[in-house]
Amino acid sequence: MFKKTTGACFCKYVNSLRIEKAKDLLGTSSYPLDYIAQKCGYKSQSHFSTTFLTYQGTSPGNFRKQARSI
């Protein structure tokens, strides 16, 4: 039912919401990556970084550098 309504499976939907929140925090704060991972619902920074890379095509650290150079 969820996939029919949203067009995405529940896990991917939740991950995309988490990554959007992480992008906001990476671009607007100087919090460490482990803190951002925790605030976005990830138990480990490595899992957060892997998921972020999968969804964004870049690491959280590189995303932060790019966001700050704009």
Open item on the list: Is it the case that atom CZ in Phe10 sees more than 12 heavy atoms from other parts of the structure closer than 6.0 Å?
Closed with: no
- [ ] Evaluate the side-chain proximity of Gln38 to Ser44: yes if any heavy-atom separation is below 4.5 Å, no if none is.
- [x] no
Open item on the list: Measuring only between side-chain heavy atoms, which start at C-beta, is Asn15 closer than 4.5 Å to Tyr42?
Closed with: yes
- [ ] Determine the minimum heavy-atom distance between Gly27 and Ala67, stating which atoms define it.
- [x] CA-CB, 4.1 Å
Open item on the list: For a quick test of reading the model, state the closest non-hydrogen atom pair linking Leu25 to Lys39 and the distance between them.
Closed with: CD1-CB, 4.4 Å
Task: Distance in Å, Ile19 CD1 paired with Phe63 CZ, rounded so as to fall on 0.5 Å steps - done: 10.0 Å
Task: Spacing of CG belonging to Asp34 relative to OG belonging to Ser46, to within rounding of 0.5 Å - done: 11.5 Å
Apply side chain to side chain contact (heavy atoms under 4.5 Å, CB included) to [X] and list each qualifying residue two or more places apart in sequence or on a separate chain.
X	value
Ser49	Gln45, Pro60
Lys3	none
Ala22	Ile36, Cys40, Phe48, Phe52

- [ ] If you link ILVMFWY side chains whenever their heavy atoms are less than 4.5 Å apart, which other residues fall into the same cluster as Met1? By chain and number, please.
- [x] none
Open item on the list: Applying side-chain hydrogen bond (donor to acceptor under 3.5 Å, both in side chains) as the test, list every pair that has at least one member in residues 54-65; sequence neighbours left out.
Closed with: Ser59-Asn62
Task: Sequence neighbours excluded - salt bridge (charged side-chain N to carboxylate O under 4.0 Å, His left out) pairs with any residue from residues 14-25 - done: Glu20-Lys23
TODO: Spell out, as yes or no, whether a donor-acceptor pair under 3.5 Å connects the side chain of Ser16 to the backbone of Tyr13.
DONE: yes
